[in-house]
2 protein chains.
Amino acid sequence: MDDAKRDAIVKAAGKSFLKQGYAASSIEQIAAEAGVSKVTIYNHFGGKRVLFEAAVDRECARIRNLLTFQAADDGPIRDRLRVIGEAMVTFLSRPEMVQFERRIAAEMEQHPDVGKAFLEAGPYRMKAAFSAFLEQAVALGELDVPNTRLAVEQFVSMCKGMGDMERRLGVPLKPKENLERVIGAVEVFLKAYTAKAR
Amino acid sequence: MDDAKRDAIVKAAGKSFLKQGYAASSIEQIAAEAGVSKVTIYNHFGGKRVLFEAAVDRECARIRNLLTFQAADDGPIRDRLRVIGEAMVTFLSRPEMVQFERRIAAEMEQHPDVGKAFLEAGPYRMKAAFSAFLEQAVALGELDVPNTRLAVEQFVSMCKGMGDMERRLGVPLKPKENLERVIGAVEVFLKAYTAKAR
DNA sequence: GACAAAGTGAACCCCTCCGTTCAATTAAAC
DNA sequence: GTTTAATTGAACGGAGGGGTTCACTTTGTC
């Protein structure tokens with residue numbers, strides 16, 4: 001019972017903070033949505049700040065759980081790259097994800113920790129996972145990548161293109177463009193990094 | 001006198017809105033910083049919303065003026081790409097720019113117009129300018145780019161890499177990494193799009 | 001059933017802030 | 001010098017919201 005309520009509170013808080021931002025969110029409204037008294041919130045958490053950080057933590061944990069990186073091990077490298085790219089773009093284009101990134105960036109100045117927390121939970125984990133994938137392909141002799149760190153960023157960035165920014169700025173999602181970007185990214189990436197046959 | 005005051009108000013408003021966000025900015029504080037009475041603001045602009053939009057317009061106009069795209073016409077394509085890439089990344093890494101993007105994205109939900117206004121003033125103009133550059137290089141036979149729109153996004157995105165996001169999330173700027181990204185982007189781009197000698 | 005812990009609703013204090021009103025002041029125009 | 005307009009400071013109303021207190025109720029435990 002204790003835990004269920006606490007969870008409901010943090011969940012409602014996350015929803016509100018992400019949708020309306022920190023300043024525009026009110027504790028009373030969060031309490032109402034969580035089906036809980038305002039006092040209960042102040043008993044569990046000390047104040048608005050603490051609640052906000054708890055909500056961010058929760059959302060980061062959700063991201064960590066959702067972001068599983070299961071790259072197919074077989075098939076041509078071209079297909080594998082494409083599958084990964086598509087999964088990535090789809091994941092990042094989800095409205096909740098876009099909104100989360102928006103809010104974290106906006107709230108970062110007042111709460112400097114949240115930016116780093118988000119980076120660690122999302123982008124950096126994704127980067128590490130894709131790095132491992134690349135290094136495996138290099139070990140298998142499929143790719144010739146001199147600078148893995150750089151190549152990872154290049155592939156991911158090309159897949160995102162301007163879509164990322166557009167989404168963040170309110171332009172509606174166009175799945176066709178996303179797909180086109182991934183396909184294009186794979187082609188460019190392979191032209192630059194395919195291992196030369198010897 | 002009228003115009004000077006109006007300008008001071010919009011300037012102070014822009015500063016405050018960008019730094020603290022819409023909700024957290026107060027008219028009185030803006031008035032104080034502009035060296036103007038609160039009533040004067042309400043006489044010039046009707047209310048907070050109008051002032052906000054005026055401030056956004058002003059900042060967009062500033063971007064339009066600053067964003068001049070003077071690509072060198074001579075020298076190897078590799079050097080020209082690098083110069084453009086560096087200029088772009090430098091421009092985008094400026095703290096004011098990062099902050100502006102942050103805020104616009106955050107405030108977009110409550111004020112849907114500002115997102116589009118920003119896109120038109122900044123990213124889309126840059127995209128168009130770089131498109132023209134690419135098409136010129138194609139016409140000169142230096143590059144072979146099947147899809148200009150896509151290639152533009154690819155180059156720009158590679159130059160930005162994850163730096164963009166890191167900046168937005170509070171990670172301090174590392175000029176070395178930015179430079180490395182640009183150089184890497186140029187190499188990959190050229191490997192993919194250099195015109196084959198016939 | 002009795003007791004303790006947690007939760008609830010309502011009221012309260014205090015602060016910030018938007019937007020307005022108004023008399024007093026300044027500056028400009030004639 | 002008088003009139004007209006803009007500006008100012010100060011005060012006010014009203015709303016919203018953070019955080020606290022307290023008496024009351026629910027829930028769970030022994």
Side-chain angles (χ1 to χ4, degrees), chain A residues 1-59 103-104 106-114, chain B residues 1-59 103-104 106-114:
Chain A
M1 151 170 262
D2 202 38
D3 257 13
K5 280 210 195 303
R6 197 185 188 279
D7 215 55
I9 294 172
V10 184
K11 186 177 171 186
K15 199 170 161 188
S16 177
F17 284 136
L18 259 55
K19 191 169 188 177
Q20 320 181 9
Y22 181 82
S25 292
S26 84
I27 301 264
E28 293 180 89
Q29 156 215 343
I30 291 171
E33 192 165 329
V36 156
S37 166
K38 186 168 66 159
V39 187
T40 305
I41 292 187
Y42 279 98
N43 285 343
H44 278 280
F45 313 85
K48 203 181 183 182
R49 278 269 167 80
V50 186
L51 180 57
F52 177 69
E53 271 153 38
V56 171
D57 280 352
R58 189 195 125 97
E59 298 298 324
R103 283 305 163 200
I104 295 295
E107 239 67 76
M108 187 235 39
E109 239 155 334
Q110 318 295 323
H111 313 255
D113 315 333
V114 297
Chain B
M1 152 171 262
D2 201 39
D3 257 13
K5 278 207 198 304
R6 196 185 189 281
D7 216 56
I9 294 172
V10 184
K11 186 177 171 185
K15 200 170 161 187
S16 177
F17 284 135
L18 259 55
K19 192 169 186 177
Q20 319 181 9
Y22 182 82
S25 292
S26 84
I27 300 265
E28 293 181 88
Q29 156 214 346
I30 291 171
E33 192 164 331
V36 155
S37 167
K38 185 169 65 161
V39 187
T40 306
I41 291 187
Y42 280 99
N43 285 343
H44 278 281
F45 313 85
K48 204 181 184 182
R49 277 269 168 82
V50 185
L51 181 57
F52 178 69
E53 272 154 37
V56 171
D57 280 352
R58 189 195 125 97
E59 297 299 325
R103 283 304 165 198
I104 295 294
E107 239 65 78
M108 188 236 39
E109 241 156 332
Q110 318 295 325
H111 312 256
D113 314 335
V114 299

_First of B:Asn43 and A:Tyr22 reached from the 5' end of DNA chain D, by closest nucleotide_ = B:Asn43
Once you round it to whole Å, what is the distance between [atom2] of [N] and [atom1] of [X]?
| X | N | atom1 | atom2 | answer |
| --- | --- | --- | --- | --- |
| B:Arg6 | D:dT7 | CZ | C1' | 17 Å |
| B:Tyr42 | C:dT21 | OH | C1' | 13 Å |
| A:Ile30 | D:dG19 | CD1 | P | 11 Å |
| A:Lys38 | C:dG7 | NZ | P | 17 Å |
| A:Phe17 | D:dG17 | CZ | P | 12 Å |
| B:Leu51 | C:dG19 | CG | P | 10 Å |
| A:Phe52 | D:dG18 | CZ | P | 14 Å |
| B:Ile41 | D:dA6 | CD1 | P | 17 Å |

*Nearest listed nucleotide, side chain of A:Glu28, among D:dG17, C:dT20, D:dT8*: D:dG17
*asked:* Nearest to the B:Val36 side chain among D:dG19, D:dT8, D:dT21, which nucleotide is it?
replied: D:dT8
Is there a side-chain polar atom (N or O) of [X] under 4.0 Å from OP1 or OP2 of [N]?
| X | N | answer |
| --- | --- | --- |
| A:His44 | C:dG7 | yes |
| B:Lys5 | D:dT8 | yes |
| B:Thr40 | D:dT8 | yes |

*Output, in order, the C-alpha distance, side-chain angles, deciding distance and verdict of side-chain hydrogen bond (donor to acceptor under 3.5 Å, both in side chains) for B:Glu33 and B:Ser16.*
CA-CA 9 Å; B:Glu33 192 164 331; B:Ser16 177; over 6 Å; no
*Pair B:Phe45-B:Arg6, side chain to side chain contact (heavy atoms under 4.5 Å, CB included): steps then yes or no*: CA-CA 9 Å; B:Phe45 313 85; B:Arg6 196 185 189 281; 3.4 Å; yes
*Hey, mind stepping through A:Tyr22 and A:Arg49 against side chain to side chain contact (heavy atoms under 4.5 Å, CB included) and telling me if it holds?*
CA-CA 9 Å; A:Tyr22 181 82; A:Arg49 278 269 167 80; 3.6 Å; yes
*Parallel, tilted or perpendicular for A:Phe17 and A:Phe52, by the 30°/60° rule?*
perpendicular
*Quick one: pull up NE2 in A:His44 and CG in A:Asp7 and give me the separation to the nearest 0.5 Å.*
11.0 Å
